[in-house]
Trainee: 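Would you mind keeping the following structure in view while I ask a few things?
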Amino acid sequence: MSVWIAIGVTAVGCYAVKLLGLLVPAGALERPLVRRLAALLPVALLAALTAQQTFADGQALVLDARAAGVAAAAVALVLRAPFLLVVAAAVVVTAAVRAVGG
């Protein structure tokens with residue numbers, strides 16, 4: 001039953017955050033600092049999530065096939081490859097490293 005309580009609390013919390021966003025005056029959203037933060041915050045959160053999922057295993061810092069896949073994707077991005085090719089490179093390199101290294 002505690003899982004359903006957590007789901008309910010999360011749903012109410014998400015609704016409250018959405019409602020608070022709608023109550024912010026339009027003048028506050030037009031400030032240059034707020035606009036810049038709104039543009040950069042999703043990128044920073046996605047980068048942090050990617051780093052955490054790539055280099056962490058519980059409480060430990062790990063360097064495994066996932067890191068090789070991210071490195072391959074970074075190289076493909078530097079070479080300005082299309083998005084699907086970037087994803088494919090990451091998948092192939094990760095699979096190859098896992099197959100070779102166990």
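All values below were derived from every heavy atom in this structure, side-chain atoms included, with hydrogens, water molecules and symmetry-related copies excluded.
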Trainee: Grab the two heavy atoms, one from Phe55 and one from Leu61, that are nearest each other, plus how far apart they are.
Mentor: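 What the structure gives for the nearest pair is O-CD1, 3.1 Å.
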Trainee: Which pairs count as salt bridge (charged side-chain N to carboxylate O under 4.0 Å, His left out) when at least one residue sits in residues 76-97, sequence neighbours excluded?
Mentor: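 Qualifying pairs: none.
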Trainee: Partners of Leu37 by side chain to side chain contact (heavy atoms under 4.5 Å, CB included), sequence neighbours excluded?
Mentor: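 Testing Leu37 for side chain to side chain contact (heavy atoms under 4.5 Å, CB included), a comparison that skips the adjacent residues, returns Leu33.
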Trainee: What salt bridge (charged side-chain N to carboxylate O under 4.0 Å, His left out) pairs are there with at least one residue in residues 12-32, not counting sequence neighbours?
Mentor: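 For residues 12-32: Glu30-Arg35.
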Trainee: In a check of side chain to side chain contact (heavy atoms under 4.5 Å, CB included) between Val70 and each of Thr54, Thr94, Val75, which one passes?
Mentor: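 With Val70 as partner, Thr54, Thr94, Val75 yield a single side chain to side chain contact (heavy atoms under 4.5 Å, CB included), made by Thr54.
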Trainee: In a table with atom names and distances, give each donor-acceptor pair under 3.5 Å that connects a side chain of residues 46-53 to protein atoms at least two apart or in another chain.
Mentor:
from  : atom 1 : to    : atom 2 : distance (Å)
Thr50 : OG1    : Leu46 : O      : 2.9

Trainee: Is it possible for you to say whether Val24 and Val34 belong to one hydrophobic cluster, with membership spreading through side-chain heavy-atom contacts below 4.5 Å?
Mentor: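 Yes; Val34 is reachable from Val24 via cluster members.
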Trainee: Check Ala38 against Pro42 and note the closest heavy-atom contact, atom names and distance.
Mentor: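 Where Ala38 meets Pro42 most closely, the heavy atoms are O-CD, 3.2 Å.
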Trainee: Looking at CD1 of Ile7 and OG of Ser2, how far apart are the two atoms once the value is rounded to the nearest 0.5 Å?
Mentor: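 Going from CD1 on Ile7 over to OG on Ser2, the span is 9.5 Å.
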Trainee: Could you tell me which residues satisfy side chain to side chain contact (heavy atoms under 4.5 Å, CB included) with Val62, sequence neighbours excluded, listed by chain and number?
Mentor: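 If we apply the side chain to side chain contact (heavy atoms under 4.5 Å, CB included) test to Val62, skipping adjacent residues, the hits are Asp57, Asp64, Arg66.
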Trainee: I'd like to know if Leu41 and Val43 are part of one continuous hydrophobic network [Ile/Leu/Val/Met/Phe/Trp/Tyr, side-chain heavy atoms within less than 4.5 Å].
Mentor: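 No, because Val43 and Leu41 fall into different hydrophobic clusters, even though each may have its own neighbours under 4.5 Å.
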Trainee: Using the side chain to side chain contact (heavy atoms under 4.5 Å, CB included) criterion, which residues pair with Val93? Sequence neighbours excluded.
Mentor: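 With sequence neighbours excluded, Val93 shows a side chain to side chain contact (heavy atoms under 4.5 Å, CB included) to Ala68, Ala72, Val97, given in chain and number order.
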